[in-house]
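Counting from 1, the numbers follow the sequence of the chain as shown.
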Amino acid sequence: MRIHVTNVFGFSPKSTVLQSQHEVVDILKDLCDSEIGLFRYYNEEEPRNELSSRLDGIIARLNMGDVVLFQSPTWNGVDWDNALVDKIKLYGGRVVFFIQDVPPIQFENNYFLMPYFIDMYNKAEVVVVPSEKMYQRLVEEGLTVKKYVVQKMWDFNVHMDLHTPSFERKLYFLGDVSRFPFFQKWQFDTPLHVFGNHKSDYDYSKVHFGGWLNKTELLLELSKGGFGLVWGNQENPKDEPDYYKMNCSYKLASYLSAGIPVIVPDYLSNADFVKENNVGFVVSSLEEADQVIQECSEEKYSEMVSSVKNVQYLINNGYFTKKLFVDSLMKLSSNEDNELNIKVLGILDTLNYILAHNSSVARFGDGEMDIITGHSIPYQDYDENLANELKNIISLESNESLVVCLSDVFEGLDRYNQSAVDFWKQHLNNNYVHYKSLCKAPWYGSTFISRPYMDLVDKSLSKMYFKNIKNLWDKRDILIVEGVNSRSGVGNDLFDNANSVERIICPSKNAYSKIDEIESLIEGHAKNKLVLLILGPTAKVLAYRLSNKDYQAIDMGHIDSEYEWFKMGATYKVKLDNKHTAEHNFDENIILNEDDDYNRQVVVRIE
């Protein structure tokens, strides 16, 4: 196996794209077998056969089984890059994508190209991404590659003596004033020294322009002392496009390579790195940047310079690039598929645990993961507070007070029908990174305690499952908290073994907007009762809150639909005419019949 790395040509020497890719090749020259040069050119009118011949020439040294570290993008266009990837794979090559920029996110008007980039990335066996946030975003867009490495930091190959930074209250910035208009409003006490192009009619009283310098000149100048500023093109960080919060800052590495402390915005993907290594200040505004510099003591500056030296050594010897290279090869050659190590109890074990400890239950399924990842679902609009509460709950370890449940789909899907298998495979692909980051508890209960029938291939056990489920409320007083269309147990014998039934009727959509009122009403009616929550994502939060107040509250979700299908022996999800049906989430054509028993059970309705 031989290893090749791509490298772009045809850019201005001032281009960050050219500088960064050439730096990677320079660092890896002793680890790779060859460099694949890719010239940037106008190719829109190039005939397909000529392009194919060109690509054959580009990869002429490639043998079957060779690995190509593909620095992406080449800026020849996604179609051109995709054609090169296809050609590499056609000849038996293996692709590791080193994703440095994602144009559909970087430039809003290019977002329509996202499916083409995702399709291309999915042809790789491993992807190197700038940050965890970028990987999460790409997964949301459809990335299915599970083996990934996070870049974390750019590197430089530096073999020269630099100055020892002296304490100076001044800021350096690398960039073109036309791209960063906050220069034009710079009237802070801290002088700003900019290396880049400038406007001739600009007020230079606070901003000093040094022009463009090559790497050697730049690092020598920066190393004299002061602070390096990393900032986006907005004065207020909250206004920055998401891209600035996901990419890996080349400026940051430049300053640290020179040995000076940095000032970075709190949204930066490397902000935690700056804090943890004490190599600068993390701020939320330019005003704060000016303030921390003015208040910084020489002693504090010297302390940070000392900390920077440790990181500077790593950057100037190519540590982060070499590490991502080695980690990528390890991922490539490993037999593991990054499978999630999540243990979910079976339905019966989950029910037995709940019965033994009178536990509350919060069940997480696909809808809750949609909310967590920033999406609305038919009966609950996305709400940031709800998403944060759900993230907190799913991250908890189950105990006798509260059992946190996940869908039992992480270890084999052979017990489920094909429709369910297809659904959950796609769900796991889309949410892999979120489960990995959030679900680290030793075990979870089964979300399917309320779904023990329809999706199973072998439905012979469902009778036993329902018997054990009914034991949860056997001879107990229960309080059902549900949406106006749910009518759980109406028209069947699901709750006939309960001692008594009362109901609190809530909005069928966006119940979370009323959660405090619902919680208060439950507390007013739940004394000595088992609370059954049938209220979508809101039920999870209520179960958690009520368990902390010594109530037993069980989130039972779509138990009624499953029971109805079980009773009729259905083999597909039959829509129910007189109440809500699972997976028929828009509640269309429902006729709510008058039912005296149901009406007597309702103790309060929330309009």
Side-chain angles (χ1 to χ4, degrees), residues 4-30 32 34-43 54 58 69-77 80-81 84 98-103 106-107 130 151 153-163 172-180 183 192-200 202 207-224 228-233 243-244 247-260 312 315-318 320-321:
H4 315 266
V5 57
T6 67
N7 197 9
V8 295
F9 293 86
F11 290 82
S12 163
K14 301 179 183 179
S15 166
T16 302
V17 173
L18 185 140
Q19 292 177 32
S20 59
Q21 292 205 15
H22 282 237
E23 201 76 53
V24 168
V25 173
D26 191 31
I27 292 168
L28 298 180
K29 62 186 176 185
D30 294 329
C32 291
S34 79
E35 170 187 346
I36 298 177
L38 306 175
F39 193 81
R40 190 190 187 198
Y41 69 104
Y42 180 78
N43 60 75
R54 180 191 295 272
I58 288 173
L69 181 64
F70 195 121
Q71 298 196 77
S72 174
T74 69
W75 300 102
N76 277 322
W80 195 95
D81 287 7
L84 177 56
F98 184 178
I99 301 173
Q100 298 164 2
D101 278 308
V102 183
Q106 187 177 11
F107 306 108
Q151 178 187 3
M153 186 70 66
W154 286 102
D155 284 320
F156 293 86
N157 237 351
V158 178
H159 304 291
M160 62 180 180
D161 293 329
L162 299 173
H163 299 289
Y172 291 113
F173 188 84
L174 312 178
D176 189 329
V177 69
S178 64
R179 291 187 56 214
F180 300 95
F183 293 160
L192 183 64
H193 294 255
V194 178
F195 295 104
N197 297 330
H198 62 84
K199 294 182 178 179
S200 58
Y202 188 70
V207 181
H208 311 276
F209 290 94
W212 183 83
L213 302 179
N214 63 36
K215 183 176 79 172
T216 301
E217 295 169 333
L218 179 65
L219 294 182
L220 281 171
E221 185 63 29
L222 292 175
S223 68
K224 292 178 181 178
L229 175 65
V230 178
W231 211 257
N233 57 17
Y243 188 74
Y244 285 93
N247 72 336
C248 191
S249 172
Y250 198 70
K251 291 183 180 69
L252 176 62
S254 301
Y255 302 135
L256 296 176
S257 175
I260 60 173
Q312 180 188 23
I315 290 174
N316 289 350
N317 286 277
F320 294 99
T321 303

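A donor-acceptor distance shorter than 3.5 angstrom exists from the side chain of Asn76 to the backbone of Tyr41, with no hydrogens or angles considered. Under a 3.5 Å cut-off, the side chain of His22 and the backbone N or O of Val8 do form a donor-acceptor pair. In this structure, the side chain of Ser223 engages the main chain of His163 through a donor-acceptor pair within 3.5 Å.
The environment of CG in Asn214 is crowded: more than 12 heavy-atom neighbours from other residues, nucleotides or ligands sit within 6.0 Å.
The structure places CG of Asn316 at 8.5 Å from CG of Asp155, a figure rounded to the nearest 0.5 Å. Here the straight-line distance linking atom CH2 of Trp212 with atom CG of Leu174 works out to 12.0 Å at 0.5 Å rounding. Separation of atoms CD1 (Ile58) and CZ (Phe39) is listed at 11.5 Å; rounding is to 0.5 Å. How far CD of Gln21 is from OG1 of Thr6: 5.5 Å, rounded to the nearest 0.5 Å. Note: Asn157 CG to Glu23 CD = 6.0 Å, rounded to the nearest 0.5 Å.
Considering only heavy atoms from C-beta on, Phe195 stays 4.5 Å or farther from Glu217 through its side chain. With a 4.5 Å cut-off on side-chain heavy atoms, Asp101 and Trp75 count as touching. Counting heavy atoms from C-beta outward, Gln151 and Phe98 have side chains that approach closer than 4.5 Å. Leu220 is listed as a side-chain neighbour of Leu162, based on a closest heavy-atom distance under 4.5 Å. Residues Leu219 and Met160 have side chains in contact (heavy-atom distance under 4.5 Å, counting atoms from C-beta outward). By the 4.5 Å heavy-atom criterion applied to side chains, Gln19 and Lys215 are not counted as neighbours. Leu38 places a side-chain heavy atom less than 4.5 Å from the side chain of Leu84. Looking at Val158 and Ser257, their side chains come closer than 4.5 Å, going by heavy atoms from C-beta outward.
The two atoms that bring Phe173 and Leu192 nearest to each other are CB-CD1, 4.0 Å, heavy atoms only. Of all heavy-atom pairs between Leu256 and Met153, the closest is CD1-CE, 4.1 Å. Looking at every heavy atom in both residues, Gln71 comes nearest to Val25 through NE2-CG2, 3.7 Å. Contact record, Val102 with Tyr243: N-OH, 3.5 Å, taken as the closest heavy-atom pair. For the pair Ser249 and Val230, the tightest heavy-atom approach, listed with the atom from each and the gap, is OG-CG1, 3.6 Å. Nearest heavy atom pair, residue Tyr172 against residue Leu222, reads CG-CD2, 3.4 Å.
Under the salt bridge (Lys or Arg N to Asp or Glu O under 4.0 Å) criterion, Lys224 pairs with Glu221, sequence neighbours left out.
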With side chain to side chain contact (heavy atoms under 4.5 Å, CB included) as the criterion, how do Leu69 and Cys32 come out once you've worked through the C-alpha distance, each side chain's angles and the decisive distance to 0.1 Å? CA-CA 9 Å; Leu69 181 64; Cys32 291; 5.6 Å; no

Evaluate side chain to side chain contact (heavy atoms under 4.5 Å, CB included) for Val24 paired with Trp154, printing each intermediate quantity in order. CA-CA 9 Å; Val24 168; Trp154 286 102; 3.9 Å; yes

Starting from the C-alpha separation in whole Å, work towards a yes-or-no answer on side chain to side chain contact (heavy atoms under 4.5 Å, CB included) for Phe9 and Asn7. CA-CA 7 Å; Phe9 293 86; Asn7 197 9; 3.9 Å; yes

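Taking the six-membered ring where tryptophan is involved, the planes of Phe156 and Tyr250 are tilted, since the angle between them lies from 30° to 60°.
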